[in-house]
Amino acid sequence: MFVSFLSTNEESYSIPLSTLYQEAEERLRAAQFAALPRVQDAEERALARFAAEEEEARRAAAANPCRWGISLKQLQDVKTSVCLHVGERVFRTMTMRDICAKVISPICKEEKRPYALVVNEFGLEAHAFVTHCWDEPFGEFVDSVQDAMSN
């Protein structure tokens, strides 16, 4: 199939339709290729902005000890994982001091930040304050917190 044209000097000529399609596709590819760096630049700028905002949120959390808490679920997760690791019988003898020395402190030392910021990168807004005794059994502590939070 051919398409006929009339030139500006009124001469007519014909071009195969497939050639027109091919030229149109080439122009479209060229336009898309030309736009690609602009799209990539915009995406890179957006990613850089997001990374900067994320880093600022991390710094804000790290600077505010009021956001250095963990959730009840995270506390229960510590209990569960330690209990599975050492067994129920040994776990019942472990105090808050033991858990901090053997579990929490090594993580903090390795990560170079408080445990709360290890598990909550941007901090966690506190809804309750809980204190503990160093020599109380850790399992009882978790159960007490769970009971208090459910009431």
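L72 and W68 fall into different hydrophobic clusters, where Ile, Leu, Val, Met, Phe, Trp and Tyr are joined by side-chain heavy atoms under 4.5 Å apart, directly or via other members. The hydrophobic clustering, which links ILVMFWY residues whose side-chain heavy atoms are closer than 4.5 Å, places V118 and M96 together.
Within the 4.5 Å cutoff, no side-chain heavy atoms of R67 are placed close to those of L124. Side-chain contact between F141 and V130 is present, with at least one heavy-atom pair separated by less than 4.5 Å.
Expressed to the nearest 0.5 Å, how far CD1 of I70 lies from CD of Q76 amounts to 10.0 Å. Note that CD1 of I107 and NZ of K102 are 14.5 Å apart. Values are rounded to the nearest 0.5 Å. A distance of 10.5 Å separates NE2 in H127 from OG in S71, rounded to the nearest 0.5 Å. To the nearest 0.5 angstrom, E125 atom CD is 10.5 Å from N64 atom CG. Note that the CG atom of L75 and the CE atom of M149 stand 10.0 Å from one another [nearest 0.5 Å]. Taking CD of E140 as the reference point, atom CZ of R92 lies at 11.0 Å (rounded to 0.5 Å).
For the residue pair S144 and D147, no side-chain donor N or O sits within less than 3.5 Å of a side-chain acceptor on the partner.
For the side-chain contact (heavy atoms from CB on, under 4.5 Å) with F138, the qualifying choice from I99, D98, D143, T93 is I99, the only one to do so. When each of V78, V103, N120 is checked for a side-chain contact (heavy atoms from CB on, under 4.5 Å) with Y115, only V78 meets the rule.
With sequence neighbours left out, the salt bridge (charged side-chain N to carboxylate O under 4.0 Å, His left out) criterion links K109 to no other residue.
Within 6.0 Å of atom CD in E110, 12 or fewer heavy atoms from other residues, nucleotides or ligands are found, so the atom counts as exposed in its surroundings.
Checking side-chain atoms of E111 against main-chain N and O of C108 turns up no donor-acceptor pair under 3.5 Å. The main-chain N or O of P137 is never found under 3.5 Å from a side-chain atom of T95 such that the two would form a donor-acceptor pair.
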**OP:** Test D135 against R97 for side-chain contact (heavy atoms from CB on, under 4.5 Å), laying out the working first.
**Re:** CA-CA 6 Å; D135 292 321; R97 186 182 312 274; 3.0 Å; yes

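Taking the six-membered ring where the residue is Trp, H132 and W134 present perpendicular rings, their angle passing 60° and hence far from 30°.
Residues C100 and P106 share a closest heavy-atom pair of O-CD, 4.0 Å. Minimum interatomic distance between F122 and A57 (heavy atoms only, all atoms of both residues): CD2-CB, 3.5 Å. Smallest separation of non-hydrogen atoms from C83 and E88: SG-OE1, 3.2 Å. Shown here for K79 and G139, the closest heavy-atom pair between the two residues is NZ-O, 4.1 Å.
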